[in-house]
Amino acid sequence: MSKKGFSFFIPHFKFLISYFYTVSHPSLTITFLGTGTSAGVPMIACECPVCTSPDKKDKRLRSSIMVQSENTTLVVDSGPDFRYQMLRAKVKHLDAIVFTHSHKDHVAGLDDVRAFNFFSQQAMNVYASDMTQEVIIREFPYAFHESKYPGVPDIQLNTIALEPFEVGDIPITPILVWHLKMPVLGFRFGRFTYITDANRIDDSEKEKIKGSDVMVLNALRKEKHISHFSLEESVAVAKELEIPQTYLTHISHQLGKHADVDAELPNGVNLAYDGLVIKV
Ligand SMILES: [Zn+2]
Ligand SMILES: [Zn+2]
């Protein structure tokens, strides 16, 4: 490339990237199915002001989102509340489950794909890393036996690593994040990025997030935590990556009431809540 051609290319590179994401991705509807940490909010037997709050936004099922284009519906993770989340959001058809990692609060509800198997007469497509698949097979061994008991979940495992892949017409780029020492996958869907259960993101992976219009990031509580970003740490990541709108998820009752905490946040950062729907 000539020197002139090169200097033309550089300033337009950013534009080209955003243009690529605009033209090559379908518009998506994101539904927050759950925005709570592993114990959920309210937590069993807890009588703190958050767990007893009458505000609907203080009721958080375990973290999961639904991502929909016109012809494809997927969910990220199927935690212990998966069945109720599908009922509450009136989901009639599900094309796939994409997993971030194998912790119980993200995989425990997988058995309930049986209803989708029954109505679609097809296996449920599950996308997970090798490490996550190992746990899925250990936790739900009966779904993978040679001779299956009738009615067990019918699951088609698809291996993902860091290469981009597609579910229907939804393109997905995995993003590696760290949950203390455990690798966890975040996902970029066009101009939308979803990350949960992280407390560290390498600089090279941050590059994949930049340019997103909307990012979801986990923020457990105000105090520091060994394997989750705190509120302050999450807000700092949102600012560093210059994301126009960030929603915080995987929230503990220790963070405080939704209305109080949301009001304290800087412009462009909000707490997510169960039932929130956004279009990207
Ligand atoms: Zn979790
Ligand atoms: Zn976790």
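Hydrogens, waters and symmetry mates play no part in the numbers below; they use all other heavy atoms, side chains included. The first residue in the sequence is number 1, and the count goes up from there. Note that ligands are numbered from 1 as they come in the structure, with each ligand's atoms numbered from 1 the same way.
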Item to check | Within the 6.0 Å centroid threshold, strictly below: His106 and His179 | outcome: no
Next on the checklist: Is it the case that the side chain of Asp197 and the backbone of Thr100 share a donor-acceptor pair, with hydrogens and angles ignored and the cut-off at 3.5 Å?
Outcome noted: no
Checklist entry - How open is the angle at the Zn ion (ligand 2) from atom ND1 of His103 over to atom NE2 of His101, rounded to 10 degrees? => result 90°
Item to check | Among the N, O or S atoms of His179, the one nearest the Zn ion (ligand 2) | outcome: NE2
Item to check | Carboxylate-amine/guanidinium proximity below 4.0 Å for Lys104 and Glu139 | outcome: yes
Checklist outcome for this item: Atom name of the N, O or S atom of Asp197 nearest to the Zn ion (ligand 2) is OD2
Checklist entry - How are the rings of Phe187 and Phe165 set to each other: parallel, tilted or perpendicular (split at 30° and 60°)? => result perpendicular
Item to check | Nearest to the Zn ion (ligand 1) - the N/O/S atom of Asp105, by atom name | outcome: OD2
Checklist entry - So Phe140 and Tyr142, would you call those rings parallel, tilted or perpendicular, with 30° and 60° as cut-offs? => result perpendicular
Next on the checklist: Report whether any nitrogen, oxygen or sulfur of His250 sits less than 2.8 Å from the Zn ion (ligand 1) (N, O or S, backbone or side chain).
Outcome noted: yes
Checklist entry - Taking both backbone and side chain into account, is any N, O or S atom of His106 nearer than 2.8 Å to the Zn ion (ligand 1)? => result yes
